[in-house]
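Worth knowing before you read on, the calculation uses all heavy atoms, side chains too, and leaves out hydrogens, waters and symmetry mates. Reminder, nothing fancy here: chain letters follow the sequence lines and each chain counts from 1.
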There are 2 protein chains.
Amino acid sequence: MNDVHGRQGPETRKRILDAAEALFAENGLDATSMRMITGRAGVNLAAVNYHFGGKDGLIQEVFRRRLTELNRRRLAALEALQAEAGGAALRPSRIVKAFFGTALEMAADMDGGGARFLQLMGRTYTGPNEFVRNFLAEEYAECVDRFLTELYRALPDVPREEILWRFHFMMGATSYAIGGADALQLFTGEFDDRDPARLEPRLMSFLLGGLRGPLPEVVSPAARRSVA
Amino acid sequence: MNDVHGRQGPETRKRILDAAEALFAENGLDATSMRMITGRAGVNLAAVNYHFGGKDGLIQEVFRRRLTELNRRRLAALEALQAEAGGAALRPSRIVKAFFGTALEMAADMDGGGARFLQLMGRTYTGPNEFVRNFLAEEYAECVDRFLTELYRALPDVPREEILWRFHFMMGATSYAIGGADALQLFTGEFDDRDPARLEPRLMSFLLGGLRGPLPEVVSPAARRSVA
DNA sequence: CCGCCAATCAAACGCCCGTTTGAATCATAC
DNA sequence: GTATGATTCAAACGGGCGTTTGATTGGCGG
């Protein structure tokens, strides 16, 4: 066995990743030092550079690990819907639920660690760190693209640009839904209903309401052509 | 006049605040150093500690300056609505527009600096820095409270907790709307319609759709009392 | 049994951070 | 004209940062 001696194989990597994930979520990327990470993980300081090439490599791997799994589940849910529909266009509510509901599911999973990770991801996605943002976008690209394609098909009368924006708004609402229970109670004082089982229908109602909202009147002056 | 010599009064304070605001928005709070700030502002490094007591004090003042103005405009808009209604309940769409539309207005104002500041604020509000989050919540408290009260009155049939959550979701969508045009184009490649004049009706349609969405079915097991 | 190599370790490296210091510089009041 | 008090300034402080180094460990194939 490999429990007491130094060389303990892939165990060290996992301990570093777990510690880093928790600390990143708690303090943010910049405010979390290598010494904090290796200290909590119980490994040597140099281990991060050895296994991940540096702090940037570690950050990337922390995100990649969970994000790959999340998007795998999302695509699985989407493919299940597609199989059920047999070529017909999907219902928008199903598509939205497959994408955002899966995130909420994952936030509830993972014995509490999932919520923290998704909270971290929501922050980072709009955060200032361009390096991580670009990396996240790349990891997201294929999954988002397939969901958007399905949404376009489900809402053929809605301009694609409009769907794109609303998808973006939905991401924002979901990000706050996952990460912001703390923020919510800040301006209310008494407030403790953070049961994730109730959060899911609450968020879905809101997202679907927003998605189905009436299209805004296009008041672009360029659109008033050929009146003369 | 006081332009060439050392002692130049309140000018130094403003230069520091402006430089800090821009850099905080670009790089985040942690990743912006005092030397970057004083360098861009063209003032001595020690000036920050002299005028604001330290980096924390500077951060606080950067937020306080804009947030006070934003919430002043919001409350002015709300009071205008109340005066117009003369004691009757306000229309939800008006309330939402007074709160979130004013933010979008401010984002378009201030020769481009407004968008940056609000982007920064959206990040910070859900960010990990507890010190700033608490401060923001305090600055927000009164304004949010008065808007929520008005929303409760406008939607007497909707449980307050539900309104609270949806208000929170709206904050998330708005935060992404302001800060996330860059993020949006990341998973689409071609996408450049960031005309703020079109963003406003887009966001409002979404927010109001979400606010009016059907209430989620309450499937709480505790609600099934007294069957036996 | 030995050479190999992946893995771990303690220690140090250079750099930049936020803050402090104490002198220099001015406008103003007397 | 000089004392005063607010402001600016160059320089330094101690400390934490991410990274690198070079030695040490220990399982494994020859």
Side-chain angles (χ1 to χ4, degrees), chain A residues 1-24 26-63 124 127-132 135, chain B residues 1-24 26-63 124 127-132 135:
Chain A
M1 306 303 285
N2 54 8
D3 45 333
V4 287
H5 303 307
R7 164 109 167 253
Q8 61 206 66
E11 181 67 12
T12 298
R13 275 183 65 97
K14 182 172 178 350
R15 293 170 61 131
I16 293 175
L17 286 172
D18 290 341
E21 181 178 272
L23 287 168
F24 285 156
E26 277 175 38
N27 317 280
L29 263 34
D30 289 322
T32 300
S33 73
M34 309 262 293
R35 285 165 179 82
M36 292 163 71
I37 296 169
T38 52
R40 176 180 290 207
V43 304
N44 187 272
L45 171 60
V48 171
N49 289 276
Y50 178 78
H51 284 286
F52 303 97
K55 193 181 183 180
D56 282 359
L58 171 61
I59 293 174
Q60 227 164 303
E61 185 58 21
V62 163
F63 281 100
T124 314
N129 189 331
E130 194 171 339
F131 150 67
V132 191
F135 167 73
Chain B
M1 308 296 287
N2 54 8
D3 43 339
V4 287
H5 303 307
R7 164 108 171 252
Q8 59 207 65
E11 181 68 14
T12 298
R13 274 183 64 97
K14 182 173 174 354
R15 293 169 61 127
I16 293 175
L17 285 173
D18 290 341
E21 180 178 272
L23 287 168
F24 285 156
E26 278 176 37
N27 317 110
L29 263 34
D30 289 325
T32 300
S33 72
M34 309 260 291
R35 285 163 179 84
M36 292 163 68
I37 296 169
T38 53
R40 176 180 289 205
V43 304
N44 187 273
L45 171 60
V48 171
N49 288 276
Y50 178 78
H51 285 284
F52 302 96
K55 192 181 184 182
D56 282 359
L58 171 60
I59 292 174
Q60 229 166 301
E61 185 57 21
V62 164
F63 280 100
T124 313
N129 189 329
E130 195 171 338
F131 151 66
V132 190
F135 167 74

Rounding to a whole Å, what distance do you find between [X]:[atom1] and [N]:[atom2]?
{"X": "H51(A)", "N": "dA6(C)", "atom1": "NE2", "atom2": "P", "answer": "12 Å"}
{"X": "N27(A)", "N": "dC17(D)", "atom1": "CG", "atom2": "P", "answer": "11 Å"}
{"X": "M36(A)", "N": "dG16(D)", "atom1": "CE", "atom2": "C1'", "answer": "12 Å"}
{"X": "D30(B)", "N": "dG16(D)", "atom1": "CG", "atom2": "P", "answer": "16 Å"}
{"X": "L29(B)", "N": "dG18(C)", "atom1": "CG", "atom2": "C1'", "answer": "14 Å"}
{"X": "F24(B)", "N": "dG18(C)", "atom1": "CZ", "atom2": "C1'", "answer": "12 Å"}

**OP:** Not counting sequence neighbours, which residues clear side chain to side chain donor-acceptor pair (under 3.5 Å) with N44(B)? List them please.
**Re:** none
Original post:
Taking it one step at a time, do R35(A) and L45(A) satisfy side chain to side chain contact (heavy atoms under 4.5 Å, CB included)?
Top reply: CA-CA 6 Å; R35(A) 285 165 179 82; L45(A) 171 60; 3.9 Å; yes
Subject >> dC17(C) OP1/OP2 closer than 4.0 Å to side-chain N/O of S33(B) >> reply: yes
Original post:
Hey, does the side chain of T12(A) come within less than 4.0 Å of dA7(C)'s phosphate (OP1/OP2), counting only N and O?
Top reply: no
Grab the N/O contacts between the protein and nucleotides 19-24 of chain C below 3.5 Å, and write none if there aren't any.
unit_1: dT19(C); atom_1: OP2; unit_2: K55(B); atom_2: N; d: 2.9

Subject >> Y50(A) side chain, from C-beta outward: closest of dC17(C), dT7(D), dT8(C) >> reply: dT8(C)
Original post:
Sequence neighbours excluded, which residues qualify as side chain to side chain contact (heavy atoms under 4.5 Å, CB included) partners of N49(A)?
Top reply: M34(A)
**OP:** Start with the C-alpha gap between D56(B) and V132(B), add the side-chain angles, then the distance that decides, and say whether side chain to side chain contact (heavy atoms under 4.5 Å, CB included) holds.
**Re:** CA-CA 9 Å; D56(B) 282 359; V132(B) 190; over 6 Å; no
Subject >> First of A47(B) and T32(A) reached from the 5' end of DNA chain D, by closest nucleotide >> reply: A47(B)
**OP:** Let me see the working for F52(A) and I59(A) under side chain to side chain contact (heavy atoms under 4.5 Å, CB included), right down to the final yes or no.
**Re:** CA-CA 9 Å; F52(A) 303 97; I59(A) 293 174; over 6 Å; no
Subject >> Residue pair I37(B) / A19(B): nearest heavy atoms and the distance that separates them >> reply: O-CB, 3.8 Å
